[in-house]
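A, B, ... follow the sequence lines: proteins, then strands. Residue 1 opens every chain.
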Number of protein chains: 2
Amino acid sequence: MRVLIVEDEPALAFQLQRLLESGGFAVDVAYDGEDGWHLGDTEPYDAVVLDLGLPKLDGVSVLGRWREAGHTMPVLILTARSRWSDKMAGFNAGADDYLTKPFEMEEVLYRLRALIRRASGHAQPELACGPLRLDTNSGRVGLDGVPVQLTAQEFRILAYLMHHPGKVVSRTELMEHVYDRLFDPDSNSLEVLIGRLRRKIGPERIETIRGQGYRLAGPEAG
Amino acid sequence: MRVLIVEDEPALAFQLQRLLESGGFAVDVAYDGEDGWHLGDTEPYDAVVLDLGLPKLDGVSVLGRWREAGHTMPVLILTARSRWSDKMAGFNAGADDYLTKPFEMEEVLYRLRALIRRASGHAQPELACGPLRLDTNSGRVGLDGVPVQLTAQEFRILAYLMHHPGKVVSRTELMEHVYDRLFDPDSNSLEVLIGRLRRKIGPERIETIRGQGYRLAGPEAG
DNA sequence: CGGGCCGCTCAGCCCACGTTCAGGTTGGCG
DNA sequence: CGCCAACCTGAACGTGGGCTGAGCGGCCCG
């Protein structure tokens, strides 16, 4: 899962970045409203963490423009200690959740995961697909009940696929959601990782549709 | 475990600090309500000892603001000889326990430990996790029934992990709860301590999740 | 004042992880 | 049947995160 952080305060931005990366996300950061808006407009993020007090273009406007342009990714608003006006304006502009500073870092992780989950239509934090289980919070994966040890990247790939079971996911789509913006699109490391994943969870679970992408085999339907 | 003392009377503050440190806690002290509030607002304490009669900002207000901001750490109130109004106000503001002066020093330790235990969802003062036993009161640790000799820091680390068995605890989270505020976050002393701890309780008990943190192996169940 | 224990620092080592690369394999198509 | 593109895979590598042994200084206690 790939997220965008829009936060002007460098210390907090960095802290958030570390948090989310250690939480298993691919992360891009923007330090003002304009950059933030542009990134969110052009890159396919699974969620955004958006501060309201921003230079150049304030958070509410950023959000408003995104929504106007038809972007539907979930947005988690950060705002200074409960200022009602901000909060309301945020929701009106299309925020999905908000946190007032100061907040527990952990809280951000949980809320983000919940947002992403809901946005892809899953109620439970634990995704299931055939014999596969994936807990988005603890980051654990099980196959037929036995735990499977995955690396960070393997986990991201599997998580994205499990958020869209049965759907054909193109290589580029997968790369865009698993890597951050600096990644070289000509690399074949994704294929290598897919291979390793297959070895761990059984080759038949991830099906290759030649010329189109990959599909996670669902519980025989669809 | 890391606690905050908010107490304006220097002698008592110092006495409490020594007591809690010798009791195995990492301790910060604030001498007035404003400092106290700010520390409790920004640092992740496992519990707070809060005097009600404070300069600048009284205890009830401090507590009230914390709760308003969403902080849920347990708070043990200290108050001059049973003044009902204070006591009631304290509970209303979200206190978890209280002691009236004068009190036995030991009493503070026991109450604090009980509060922390309950806050992390443990009913018993003795934590168990696989072959590991840890008595939060006596500070004794056993592995398969045989006592294990731990140093103060080793004990704190293990105690924190055992309060959250199975959870992945990031290096920073661990540091925040095991050291006080003056600690250098770039130090690797935690790793050294983890290493020693592993040598004493068996390396496989503490699992490293690369890039994320440590996890105490539970009694085989998610 | 001396000795021992404890915790911290530092530097070097090790190894997991992501990546690259060089073939090998598969499948579509003329 | 042959060719080409898409895809897979085993091996090797560089990097950085994590581990550890050695040494130091501070503190406590005799």
Under 3.5 Å: donor-acceptor pair, side chain of [X], backbone of [Y]:
X	Y	result
H122(A)	H163(A)	yes
R2(A)	E176(A)	yes
R198(B)	I206(B)	yes

Measure from [atom1] on [X] to [atom2] on [N] and round the result to the nearest Å.
X	N	atom1	atom2	value
R156(A)	dT19(C)	CZ	C1'	14 Å
E191(A)	dT26(C)	CD	P	16 Å
E207(A)	dT26(C)	CD	P	17 Å
E21(A)	dG17(D)	CD	C1'	14 Å
I194(A)	dA6(D)	CD1	C1'	14 Å
I209(A)	dG28(C)	CD1	C1'	16 Å
I157(A)	dC8(D)	CD1	P	12 Å
L193(A)	dT20(C)	CG	C1'	12 Å

For [X] and [N], is the shortest distance between a side-chain N/O and OP1 or OP2 below 4.0 Å?
X	N	result
R199(A)	dG10(D)	yes
R196(B)	dG7(C)	no
Y214(B)	dC19(D)	yes
T151(B)	dC5(C)	no
T208(A)	dC8(D)	yes
Q212(B)	dG17(D)	no

Q: Identify, residue by residue, the members of residues 177-190 of chain B with a heavy atom below 4.0 Å from DNA chain C, and return them in order of residue number, or none.
A: Y179(B), F183(B), S187(B), N188(B), S189(B)
Q | Listed nucleotide nearest any side-chain atom of R198(B), set dC7(D), dC8(C), dC19(D) | A |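 Closest of the options to the side chain of R198(B): dC19(D).
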Q | E154(A) vs R210(A), nearer the 5' end of DNA chain C by closest nucleotide | A | E154(A)
Is it the case that the side chains of [Y] and [X] hold a donor-acceptor pair, with the cut-off being a distance below 3.5 Å and no angle test?
X	Y	result
S170(A)	Y214(A)	no
E9(A)	Y31(A)	no
Y45(A)	D28(A)	yes

Q. F25(A) pairs by side-chain contact (heavy atoms from CB on, under 4.5 Å) with which of D180(A), D46(A), L109(A), V178(A)?
A. L109(A)
Q) Touch check for Q153(A), heavy atoms < 4.0 angstrom, all strands: base, sugar-phosphate only, or nothing? A)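 Result for Q153(A) = sugar-phosphate.
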